[in-house]
Chemist: 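Before we start, here is the structure in question, set down as structure tokens.
This one's a predicted model, so the numbers in the text were calculated from it and none came from an experiment. Start at 1 and go down the list; that is how both ligands and their atoms are numbered. Atoms considered below: every heavy atom in the structure, side chains included; atoms not considered: hydrogens, waters and symmetry mates.
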Amino acid sequence: MQHRVETELTIPSHIKRLWITRSALSGALLAAFVLAGAMTGRTCLAQAQLPSRPPGLAPLPKVTSPRLYVIDCGTLVYNRPEDYQLTREQVADTNMSVPCFLVIHPKGILLFDTGLSDRLVGRPLWENVDEGYGQIRFNTLRGALADIGVTSADITYLAISHSHWDHVGNANDYAGSTWLTQKAERDFMFGPGADKAHLPLYDALAHAKQVVFEGDHDVFGDGTVILKFTPGHTPGHQALYVKLVHTGGVVLSGDLYHYCEERPLRRMPKEEEATGTPGSREMMERFLKEKNAQLWIGHCTAFFKNAIKSPGWYD
Ligand SMILES: [Zn+2]
Ligand SMILES: [Zn+2]
């Protein structure tokens, strides 16, 4: 989404209650597992020594080359493409998909973007409007990861394309991972100009282990997974390049583009014309050509509809 004039985030009181209830429930489940472990005696010690891995979870996928998962992290209901300098006639679908991406690499696991908050699941649309965007979530990121066989404890690195609320909805859940961030975005998130209304969505990252950089960052050091510095939409916006053995090169756009039509029609939010987006887009076009890579525009519903969704994958 495009960042518009900041409005105060009002979290309906029942959402807080729902969350607390869920936490209490998982606490009770955990206590039940510990008790069950204690009762079986023999397995108790082994369980205590292992990182908590819920029983019945699929085994962690083992890979010899990178594998990319496209996860449904919600939908934004929106009807003002004019904010992106497009008319309704020019846009096939004015709504936006919100994907999260998981990369399983032989050397570790990277989560790229965390989507809309898991707390929105089951809530009616009218409660979940933020800056004019209705938010829908049918699943949770945690649940989608569990379907793959991954828990938050398995995730080596968290990276976000940028800090807008539709990309950091569950960031706090992954603050135990190492956060890979552009210096400019971290400063934007925690500096004096921070979006205070949405800071609670990601404030735990302030205490996460961090790798801070300026420019591109080769995540696993072998050129197969690279964060591409693409400032403009926000000061430290980054896209993600993934080199896959069978699929070839793929770039996950973040909000370098929103609607699919922005690319052929060369449109962008008016204010981004002066903040670096044109230069970042030019750089990206050169990079795509050089790598013979595809560009996947996350908010473009035509991309998302046709994508293989997790627990399926690309490799
Ligand atoms: Zn967005
Ligand atoms: Zn954005």
Chemist: For the pair L240 and K228, evaluate side chain to side chain contact (heavy atoms under 4.5 Å, CB included) and give the outcome as yes or no after the intermediate values.
Modeler: CA-CA 6 Å; L240 182 69; K228 295 290 295 175; over 6 Å; no

Chemist: Looking only at N, O or S atoms in H164, which is nearest to the Zn ion (ligand 2)?
Modeler: ND1

Chemist: What atom name does the N, O or S atom of D255 nearest to the Zn ion (ligand 1) carry?
Modeler: OD2

Chemist: Please state whether the rings of F213 and H217 are parallel, tilted or perpendicular, taking 30° and 60° as the class boundaries.
Modeler: parallel

Chemist: Backbone or side chain, does H167 get an N/O/S atom under 2.8 Å to the Zn ion (ligand 2)?
Modeler: no

Chemist: Tell me which N, O or S atom from H162 is the closest to the Zn ion (ligand 2).
Modeler: NE2

Chemist: Quick check on the Zn ion (ligand 1): does H258 put an N/O/S atom closer than 2.8 Å to it?
Modeler: no

Chemist: Pairs in or reaching into residues 217-281: which pass disulfide bond (SG atoms under 2.5 Å apart), with residues at least two apart or in two chains?
Modeler: C260-C300

Chemist: By the side chain to side chain donor-acceptor pair (under 3.5 Å) test, which pairs, at least two apart or in different chains, include something from residues 238-248?
Modeler: Q182-Q238, H246-D315

Chemist: Answer yes or no for D166: is there an N/O/S atom below the 2.8 Å cut-off from the Zn ion (ligand 2)?
Modeler: no

Chemist: Parallel, tilted or perpendicular for H105 and F220, by the 30°/60° rule?
Modeler: parallel

